[in-house]
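Residue numbers run from 1 in the order of the sequence given. All values below come from the heavy atoms of this structure, side chains included, with hydrogens, waters and symmetry mates left out. Worth saying up front: this structure is predicted, and the values here are computed from it rather than measured.
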Amino acid sequence: MTLIKSISGIRGTIGGKPGEGLTPVDIVKYTAAYGRWVMQTTGIPKVVIGRDARISGEMVENLVSGTLMSIGIDVIDIGLSTTPTVEIAVPGEKAGGGIIITASHNPKQWNALKLLNALGEFINDEEGQAVLAIAEDRELTFCGVDKIGKVTADDSYLQKHINQILALPYVDAEAIKKANFKVVIDCVNSSGGIFLPPLLNALGVIQIEELFCTPNGQFPHNPEPLPENLVALSGKVVETRANLGIAVDPDVDRLCFADENGAMFGEEYTLVAVADYIMQRNPGNTISNLSSTRALRDITELNGGTYYASAVGEVNVVTKMKETNAVIGGEGNGGIIYPELHYGRDALVGIALFLTYLAKTGKTVSELRATYPAYYISKNKITLTEGMNIDGLLKKMELKYQRQPHSTIDGLKIEFNKQWVHLRKSNTEPVIRIYAESGTMESAAQLAEQIITDINELI
């Protein structure tokens, strides 16, 4: 069993002993601490909660809701929802914060509490440390019967989210409707099954083939939207002669596409394409994290903007976007952050912008993909062992490659002309991630293998 406390929230496997997994005891402990933090920092006794469709979601939701009530906080429960929808609902309700109950792309045994501030954005590291400190305070008290909070169910935010997307100036539902797209969607039996069909209908897409759209949490494949997990989507696109396929993760903040031939557009290129569309109309700066493709930098500079890199983690990308007044940003895992709507990864707005761009260009998905520089990322990881000194290991690697351009703002990123490798400790799993990018998958894999060999020698 695993319990991880990080910038990505409180994440763990369901069951086991308190402190070792995400048990009811842990859920109550950290929810109460977060509720106290909300009250201390905002004074607003109101929190929005929502969840994806994973099996443990209802159980965790009930514990979260009851705990918040027990410390005098009113709960706005938007039920089965998406991460970006909860992010929109927090300022919409003028709440002090929000909790999204989802473990994103993790398998079914995982769940998590993703914690938001009053802006509907993820709390930063300093704020997270404050919540953890409160959680260890044994003086935490609960309120008496007359001060218990109340719960209000609100199912209106699906439509509110869609309406806000439709109102964006660079979303053109009329153009999408005229294109008469046929689309296959894979929603991995989670919240996307509720949200994608009405969004597509509102955008004028009426030919929709649904795969795994029953929100019962029974993931039909590994829920991370990677090519090896999307074989059914690719096959259905070819079988039905669809224009494209769309896949999202369980909480709908990651987005990827399949082209008309069933080939993957590339999760890294989701942000590249949407950013290209936005910058052609609104030139400016872009942000992605250090583990994301160089293609975004190339496209940004081609459109007259400046590219900046941030540490991995949505909150870090958002912070850098605000510092540089970026017009768009995100992460190479298919996460698009479009500040005209809100500062959070949002697959729904990504779908709307991508389909608009596709409709306006008149290109097929494969033709659009061919307009972008070709880079390939080899994604690898090494499982951490007890007592492994990660910081010391990265320092040794930095010394080994000190003559190469490198960054240490998040682990260690080393550049080799237009190739790079990024080593960092994961926020969500007990592993070191080793990502390498090059002009071919073979050369990227070779670069990663060389670095892994170096690490093993140092270990």
Side-chain angles (χ1 to χ4, degrees), residues 170-172 175-187 196 200 203-211 224-249 254-281 288 292-300 302-303 328 330 332-336 347 349-379 437-444:
Y170 298 136
V171 171
D172 190 337
I176 295 170
K177 183 177 181 179
K178 286 178 181 176
N180 195 31
F181 291 128
K182 185 173 187 178
V183 176
V184 181
I185 59 174
D186 178 349
C187 298
L196 263 63
L200 290 168
L203 291 169
V205 179
I206 57 173
Q207 298 181 83
I208 306 170
E209 291 280 342
E210 296 184 7
L211 283 177
E224 189 164 13
L226 300 176
E228 60 267 30
N229 302 327
L230 300 173
V231 176
L233 177 69
S234 294
K236 184 62 76 172
V237 168
V238 174
E239 176 192 329
T240 60
R241 299 184 179 181
N243 296 97
L244 72 157
I246 300 173
V248 294
D249 67 338
R254 288 175 63 173
L255 170 66
C256 68
F257 301 104
D259 72 18
E260 71 281 3
N261 303 308
M264 287 295 117
F265 188 78
E267 201 181 21
E268 291 285 332
Y269 283 81
T270 300
L271 174 59
V272 174
V274 174
D276 187 26
Y277 170 62
I278 293 301
M279 285 187 294
Q280 287 177 27
R281 288 148 181 84
S288 64
S292 300
T293 181
R294 182 190 166 90
L296 180 63
R297 175 178 173 178
D298 292 352
I299 292 300
T300 301
L302 191 64
N303 281 290
I328 193 164
N333 59 12
I336 291 170
V349 75
I351 290 168
L353 292 170
F354 185 87
L355 290 179
T356 299
Y357 190 26
L358 199 63
K360 287 180 178 294
T361 63
K363 291 183 170 70
T364 65
V365 176
S366 64
E367 288 170 344
L368 179 62
R369 177 64 175 81
T371 65
Y372 298 122
Y375 294 109
Y376 299 85
I377 296 181
S378 176
K379 298 185 177 184
E437 183 174 65
S438 185
T440 68
M441 183 54 80
E442 291 74 19
S443 56

Kindly write out the residues that satisfy side-chain hydrogen bond (donor to acceptor under 3.5 Å, both in side chains) with D249, not counting sequence neighbours, or none if the list is empty.
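Here no residue qualifies.
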Are [X] and [Y] close enough that some pair of their side-chain heavy atoms sits under 4.5 Å apart?
| X | Y | value |
| --- | --- | --- |
| V184 | I208 | no |
| L200 | I185 | yes |
| L296 | L271 | yes |
| N303 | Q280 | yes |
| F181 | L203 | no |
| S292 | I377 | no |
| F354 | I246 | no |
| N243 | E260 | no |

Restricting to non-hydrogen atoms, name the atom on [X] and the atom on [Y] that form the minimum distance, rounded to 0.1 Å.
| X | Y | result |
| --- | --- | --- |
| P225 | C256 | O-SG, 3.6 Å |
| V237 | A258 | CG2-CB, 4.5 Å |
| T240 | K182 | O-NZ, 3.0 Å |
| A359 | A175 | CB-O, 3.5 Å |
| I278 | Y170 | CD1-CD1, 3.9 Å |
| G350 | I336 | CA-CD1, 3.7 Å |

Do any N or O atoms from the side chain of [X] and from the backbone of [Y] form a donor-acceptor pair under 3.5 angstrom?
| X | Y | value |
| --- | --- | --- |
| N261 | A263 | no |
| T270 | L255 | yes |
| E209 | V183 | no |

Yes or no on salt bridge (Lys or Arg N to Asp or Glu O under 4.0 Å) for D172 and K360, after CA distance, side-chain angles and deciding distance?
CA-CA 9 Å; D172 190 337; K360 287 180 178 294; 3.1 Å; yes
Kindly assign one of parallel, tilted or perpendicular to the pair F265 and Y372, based on the angle between their ring planes and the thresholds 30° and 60°.
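Correct class here is perpendicular.
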Determine whether T361 and Y277 satisfy the following criterion, side-chain contact (heavy atoms from CB on, under 4.5 Å), listing intermediate values before the conclusion.
CA-CA 10 Å; T361 63; Y277 170 62; over 6 Å; no
Name every donor-acceptor pair, under 3.5 Å, that has one atom in a side chain of residues 226-234 and the other anywhere in the protein, sequence neighbours excluded.
residue	atom	partner	partner atom	Å
N229	ND2	E224	O	2.8
S234	OG	L230	O	3.4
S234	OG	G262	O	2.7

Please evaluate residues D259 and L244 with respect to the criterion side-chain contact (heavy atoms from CB on, under 4.5 Å), reporting the C-alpha separation (whole Å), side-chain torsions for both, the decisive distance (0.1 Å), and the verdict.
CA-CA 5 Å; D259 72 18; L244 72 157; over 6 Å; no
Spacing of [atom1] belonging to [X] relative to [atom2] belonging to [Y], to within rounding of 0.5 Å:
| X | Y | atom1 | atom2 | result |
| --- | --- | --- | --- | --- |
| T371 | Y269 | OG1 | OH | 10.0 Å |
| I351 | L358 | CD1 | CG | 13.0 Å |
| R297 | S288 | CZ | OG | 10.5 Å |
| D298 | L302 | CG | CG | 8.5 Å |

side-chain contact (heavy atoms from CB on, under 4.5 Å) between T293 and Y376: does it pass, once the steps are laid out?
CA-CA 8 Å; T293 181; Y376 299 85; over 6 Å; no
So, E267 and R254, do they make that salt bridge, N to O below 4.0 Å?
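Salt bridge: yes.
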Sole residue of K379, R294, R369 in salt bridge (Lys or Arg N to Asp or Glu O under 4.0 Å) with E268:
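For E268, the salt bridge (Lys or Arg N to Asp or Glu O under 4.0 Å) test succeeds with only one of K379, R294, R369, which is K379.
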